Amino acid sequence: MDGGRIDVDALPGGLDLQAAVESGQSYLWWREDGPTYADETHAGSDAWYVTTVRDDAGTPAICRARQTDGYLEWTATADVEDRLRRRLGLADDLPAIREATPADDLLAAAYDAFWGLRIVRDPPFPTLVTFICSAQMRVARIHAMQQALREHLGSPLVHEGETYHAYPTPEQVAASSEAELRDLGLGYRAPYVLESARMVAAGEADPAAARDMAYEDARDYLTRFVGVGEKVADCVLLFSLGFLEAVPLDTWIQGAIADHYPDCDRDSYAETSRAVRERFGPYAGYAQTYLFHYLRTGRAEA
DNA sequence: TAGATACCTTATAG
DNA sequence: ACTATAAGGTATC
């Protein structure tokens, strides 16, 4: 039994834990008090969220965390503070990031609506699988798929008398079968997840290897995994590997570009991506994440 | 190298 | 009830 707490007011820009883990960038946390994403309009939640983390040796641990009374507090089966800080992007200087990004009314409104939302640094393999699963899916179902993968393929762990399941390793997923993954609701993504997991387990490719590459090389590298195109590759770069300039061009963001930033709208993904990065700068991914959450939650009605 | 189409499954709209 | 449509796209032809 371990745990601790952090004064979120001491962080530059504070923290909005709920926004961080329920804004569609991470699917690796779940609420204890009910279905995650069940009510996407709820605000100010101090609910407990649970996830699993692994140390450098691959040993899994449980971490329960919540934000309340100005603190981020947690209990865990091991000392997870350093990993938790990294996972939640607590070192990011939000005011400096916002200041460095060219302002406009829409982006300003998105920043104001969810100030404290931080970009996560989730582990590479689970992030890869998550966003392979995300094709043509709603966020609530993407999350449900990850829970199914945990419960059916992951190793059990006990914390405070409760049994949890670690996110499955590449080996555990690779040892599964397409039929089994289809039964978990992955649909046509099942063979993609299976083959990509096999590639990682066999040492043929490693999503973490992209971390040391130049941005566009890293994006290109990740597309060698099955089921990974430019958009999913950008999600892994932004939400796992710390490439804050990566801008996943999904349907929501493409719509926003067409409506609000038509000068960035080009013929191909690669060219639009480049135009968006030139306009918003090295933290374009932060702008993407705030805009996506703002648009998707319907706060932009006016 | 660009463009069109199929794809699992579920929730929601009509 | 029953059908059409869309959901954080990608692979294939």
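All values derive from a computational prediction rather than experimental measurement. Proteins get letters first, then strands, A, B, ... in listed order; numbering begins at 1 in each.
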Identified side chain to side chain donor-acceptor pair (under 3.5 Å) partner of S273(A) from the options E278(A), R219(A), E216(A): R219(A)

Gap between atoms CD1 and C1', on I142(A) and dA7(C) respectively (whole Å): 8 Å

Using atom CD of E195(A) as one end and atom P of dT10(C) as the other, report the distance to the nearest whole Å. 17 Å

Sugar-phosphate, base or nothing in reach of Q254(A), heavy atoms under 4.0 Å: nothing

Give the rounded distance in Å between these two atoms: OH of Y37(A) and P of dA7(C). 17 Å

Can you check the D250(A) CG to dG9(C) P distance for me, whole Å? 6 Å

Just compare dA11(C), dA6(C), dG9(C) and give me whichever is closest to any side-chain atom of Q136(A). dG9(C)

Is there a donor and acceptor pair closer than 3.5 Å between the side chain of R141(A) and the base of dT9(B)? yes

Rounded distance (Å) that lies between atom P of dT12(C) and atom OH of Y188(A): 13 Å

When S134(A) and V226(A) are each assigned the nearest nucleotide of DNA chain C, the 5'-most assignment goes to S134(A)

So, taking the atom named OG1 in T68(A) and the one named CH2 in W48(A), what distance separates them when rounded to the nearest 0.5 Å? 9.0 Å

Please state the P separation for the pair dT5(C) and dT5(B) - nearest whole angstrom. 15 Å

So what's dT12(B) paired with, Watson-Crick or G-U wobble, going by both distances under 3.5 Å? dA4(C)

Figure out the CG/P separation between L184(A) and dT9(B), and round it to whole Å. 12 Å

Donor/acceptor link under 3.5 angstrom from Y192(A) side chain onto base of dG9(C): no

Any donor-acceptor pair, under 3.5 Å, between the side chain of R189(A) and the base of dC7(B), if you only look at N and O atoms? no

Enter the distance from L72(A):CG to Y49(A):OH here, rounded to the nearest 0.5 Å. 12.0 Å

For DNA chain C, whose closest nucleotide is more 5', that of F225(A) or that of S26(A)? S26(A)

Determine whether the side chains of T51(A) and R87(A) contain a donor N or O and an acceptor N or O closer than 3.5 Å. yes

To the nearest angstrom, the CD-C1' distance between E230(A) and dT1(B) comes to 13 Å

Between Y286(A) and Y111(A), does the ring centroid distance fall short of 6.0 Å? no

Within the 4.0 Å heavy-atom criterion, would you say G185(A) contacts the bases, only the backbone, or no part of the nucleic acid? nothing

Whole Å only: how far is the NE2 atom of H143(A) from the C1' atom of dT9(B)? 19 Å

Roughly how many Å apart are dT10(B) and dT10(C), using the P atom of each and rounding to a whole number? 22 Å

Choose from dA6(C), dT10(C), dC8(B) the nucleotide whose nearest atom is closest to any side-chain atom of M137(A). dC8(B)

